[in-house]
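Data block below; observations after.
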Amino acid sequence: MRKGLVIVNTGNGKGKTTAALGVLLRAWGNGMRVVMLQFIKHTTARWGEIKAAEKMGIEMIPLGSGFTWKSKDLEKDKALARQGWEICKEKIQSGQYDLVILDELTYTLKYGWLPLDEVLQVLKNRPEGLHIIITGRDAPQELIDFADLVTEMRKVKHPYDQGIRAQLGIEY
Ligand code: ATP
Ligand code: MG
């Protein structure tokens, strides 16, 4: 009998989203039904993983037209987060998936755009056997307490600190 896990990749170090992508690849390779929903787009550039997913026929859904923490229009960000969450809920409750990834979900919680109680309720009532991965910095304690597997990425060094810009294939 499969036990659906709630997995959280958090912390300030690099690797939260890419670790989730690694699991996505692994699950997909095993014939599992996977989907990744992405709450935050850093650039308008098309990320490598989105291009890869297209080639492989994997569902990867950017939620909204690129809300970022730089946005001045917080009401719009909030509305986009809520719209995005509705799609996440649909996917989670559909029974059509074995693995659902909610990339950068933690920011929507941090900024209070989504109610944590509702998110936890949806996770709790998910179809049996469904694995969920949540990524992003500053995961709230309640989410950490609820999860089965939590990893904190810790920065030891990052090229940004030396003024080295984001590199194709490594960061996007
Ligand atoms: P990745 O998508 O590479 O796995 P991530 O999901 O852990 O990274 P995010 O917080 O989502 O990290 O931010 C993504 C971008 O920010 C990446 O380009 C990443 O290299 C960069 N980044 C991550 N950690 C740091 C850090 N400590 N200092 C500066 N930039 C960082
Ligand atoms: Mg990330």
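Indexing begins at 1, ligand by ligand and atom by atom, following the structure's order. Quick caveat, the model's predicted, so the values are computed rather than measured.
- Between Met36 atom CE and Thr17 atom OG1 the span is 5.5 Å, to the nearest 0.5 Å.
- Between the Mg ion (ligand 2) and Thr17 there is an N/O/S contact shorter than 2.8 Å.
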Evaluate the side chain to side chain donor-acceptor pair (under 3.5 Å) criterion for residues Glu49 and Tyr172: first the C-alpha distance (whole Å), next the side-chain angles of each, then the deciding distance (0.1 Å), finally the verdict. CA-CA 8 Å; Glu49 59 261 38; Tyr172 63 94; over 6 Å; no

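- When each atom of ligand 1 is checked for a heavy atom of Lys14 under 4.0 Å away, the hits are 1 (P), 3 (O), 7 (O), 8 (O), 20 (O), 23 (C), 24 (N).
- Listed by number with element, the atoms of ligand 1 under 4.0 angstrom from any heavy atom of Asn12 are 24 (N), 25 (C), 26 (C), 27 (N).
- Residue Leu24 holds its CG atom at 5.0 Å from CD1 of Ile58, rounded to the nearest 0.5 Å.
- Proximity to Tyr107 (heavy-atom distance under 4.0 Å) selects the following atoms of ligand 1: 10 (O).
- Heavy-atom distances between Met153 and ligand 1 stay at or above 4.0 Å for every pair.
- At least one heavy atom of Gly13 sits less than 4.0 Å from an atom of ligand 1.
- The salt bridge (Lys or Arg N to Asp or Glu O under 4.0 Å) analysis of residues 12-21, with sequence neighbours excluded, yields no pairs.
- The minimum heavy-atom distance between Ala81 and Phe39, with the atom names listed, is O-CE2, 3.7 Å.
- Distances between N or O atoms of Gly15 and those of ligand 1 include at least one value under 3.5 Å.
- Restricting Glu104 to its N/O/S atoms, the shortest distance to the Mg ion (ligand 2) is reached by OE2.
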List the atom pairs, donor and acceptor, that lie under 3.5 Å between side-chain atoms in residues 114-137 and the rest of the protein, sequence neighbours left out.
unit_1	atom_1	unit_2	atom_2	d
Glu118	OE2	Trp85	NE1	2.9
Glu118	OE2	Lys89	NZ	2.8
Asn125	ND2	Gln121	O	3.2
Arg126	NE	Leu130	O	2.9
Arg126	NH1	Leu123	O	2.8
Arg126	NH2	Gly4	O	2.8
His131	ND1	Leu5	N	2.9
Thr135	OG1	Asp103	OD1	2.5
Thr135	OG1	Glu104	N	2.9

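- Across the listed options Gln167, Arg137, Lys155, Arg137 owns the non-hydrogen atom lying nearest to atom 25 (C) of ligand 1.
- Distance check: Ile144 CD1 to Phe146 CZ gives 13.5 Å after rounding to the nearest 0.5 Å.
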